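Structure, as structure tokens:
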Amino acid sequence: PHVSAARYGKDNVRVYKVHRDQSTGVQTVAEMTVCCLLEGDIETSYTKADNSVVVATDSVKNTIYLLAKQNPVTPPEYFASLLGSHFIKKYSHIHAAHVKITTHHWERMTIDGKPHPHSFVKNAGETRNVEATISRKDGISITSSIVGLSVLKSTGSAFHGFVRDEYTTLPETWDRILSTDVDAGWTWKTFSTHEAVKASVGKFDKAWEAARDITLKRFATDDSASVQATMYKMSEDILAAVPETETVTYALPNKHYFELDLSWHKGIKNTGTDAEVYVPQSGPNGLIKCSVSRG
Ligand SMILES: O=c1[nH]c(=O)c2nn[nH]c2[nH]1
């Protein structure tokens, strides 16, 4: 037997950083959770108990905090690239670093109509993530994403015309609730070096804003024929809005709200156009995935 693949490092490294603007007194915060895994000529640490090739995971953790102190930690695409590039520059036997950053969205509070200088509130669950592979040989590949953005529309969604056979019980509908937890990702054209990432640093926040706005607008305004059809339109829009991206990927759970027949009680009408009370389902849920690429 031989080591066919290996990578190791530190996961769940929580980092908070504050920027204090002395002139205005405005403070800005960033909070993220980092996973940084290293890959390279490390097989002997597995096969021969040779620790001489091991940059300790504790040192990986220390490096994350040190680089966070010495450099900007936003946008997360920049910090992921900087962090990964550090390891392949510093250690000649490390040939790739795999960095995942989950950033937590502290939104500045508005108090008495004014943005508060140092108080923030967090939208439950929504994160902005980055997964980057920084490779000596292949350059820097970055995928950005929005995860955990829960949305619901109470109408404007239909699903009919699907396969009807001896396995089908689902009734067709022209008016249903649609709810999902958005997982939307966009893969950037490979960057040759960290300097190339740095040169594009202004593009990452704009892309995240565009992807989030597009997702919400299409979700709200598309007269949805299915999750599939709506997510494809979202993907087309993001590719058009962010020319430096190559592929857009969505994974959308279809979180079902079932109609509830109440007619057993004095003939109460609560289905079809009379439906008002529904039963939100925890599971099973649909899961619809797609990747849309250029050309
Ligand atoms: O939008 C939908 N897509 C599907 O594939 C599906 N299957 N059941 N309900 C569904 N809704």
Side-chain angles (χ1 to χ4, degrees), residues 102 105 123-129 131 143-187 207-242 245-265 268-295:
T102 301
H105 192 190
N123 295 349
E126 180 185 350
T127 61
R128 172 182 173 183
N129 302 348
E131 292 197 52
T143 296
S144 309
S145 65
I146 296 166
V147 176
L149 174 59
S150 298
V151 291
L152 176 143
K153 62 191 308 188
S154 54
T155 187
S157 169
F159 187 60
H160 49 78
F162 48 89
V163 169
R164 292 209 81 78
D165 59 15
E166 65 274 30
Y167 295 96
T168 309
T169 56
L170 183 71
E172 294 190 304
T173 176
W174 280 258
D175 180 2
R176 70 175 179 177
I177 294 162
L178 182 61
S179 180
T180 190
D181 302 328
V182 172
D183 178 344
W186 48 101
T187 299
W208 172 77
E209 283 166 29
R212 194 174 191 279
D213 291 348
I214 284 165
T215 298
L216 295 181
K217 182 172 181 184
R218 277 293 187 184
F219 180 81
T221 61
D222 186 38
D223 197 3
S224 175
S226 66
V227 174
Q228 288 90 331
T230 300
M231 73 208 293
Y232 185 79
K233 293 174 184 174
M234 294 171 177
S235 303
E236 286 181 308
D237 290 354
I238 293 174
L239 285 174
V242 191
T245 54
E246 252 173 4
T247 299
V248 174
T249 300
Y250 274 87
L252 299 180
N254 193 352
K255 298 168 70 184
H256 306 299
Y257 287 63
F258 284 175
E259 287 195 358
L260 178 65
D261 185 334
L262 293 174
S263 60
W264 50 271
H265 182 86
I268 289 185
K269 293 180 181 308
N270 189 55
T271 56
T273 52
D274 298 307
E276 295 170 284
V277 176
Y278 294 74
V279 185
Q281 300 294 302
S282 307
N285 59 268
L287 177 58
I288 321 288
K289 294 186 165 187
C290 81
S291 288
V292 179
S293 300
R294 292 188 184 285

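Values in this document were obtained by computation on a predicted structure and should not be read as measured data. When a ligand or atom number is given, it counts from 1 through the structure's own listing order.
- Taking every non-hydrogen atom of Ser226 and a distance limit under 4.0 Å, the qualifying atoms of ligand 1 come out as 1 (O).
- Ring orientation note: the planes of His160 and Trp174 are close to parallel, at an angle under 30° on the 30°/60° scale.
- In this structure, atom 10 (C) of ligand 1 lies nearest to the protein heavy atom Phe159 CE2, 3.4 Å.
- To the nearest 0.5 angstrom, Leu152 atom CG is 7.5 Å from Leu178 atom CG.
- Ile214 pairs in a side-chain contact (heavy atoms from CB on, under 4.5 Å) with only one of the listed residues (Val242, Val248, Ile238), which is Ile238.
- Taken from OG in Ser291 to CD in Glu246, the straight-line distance is 12.0 Å, to the nearest 0.5 Å.
- Each of the following atoms of ligand 1 lies closer than 4.0 Å to a heavy atom of Gln228: 1 (O), 2 (C), 3 (N), 4 (C), 5 (O).
- Glu126 and Ile146 make their closest contact through OE2-CG2, 4.0 Å (heavy atoms, listed as atom of the first residue, atom of the second, distance).
- Shown in contact with Asn254 at under 4.0 Å from a heavy atom are these atoms of ligand 1, numbered in order with element: 1 (O), 2 (C), 10 (C), 11 (N).
- The closest protein non-hydrogen atom to atom 11 (N) of ligand 1 is Arg176 NH1, 3.1 Å.
- Polar contact with ligand 1: present for Val227 (N/O pair, distance under 3.5 Å).
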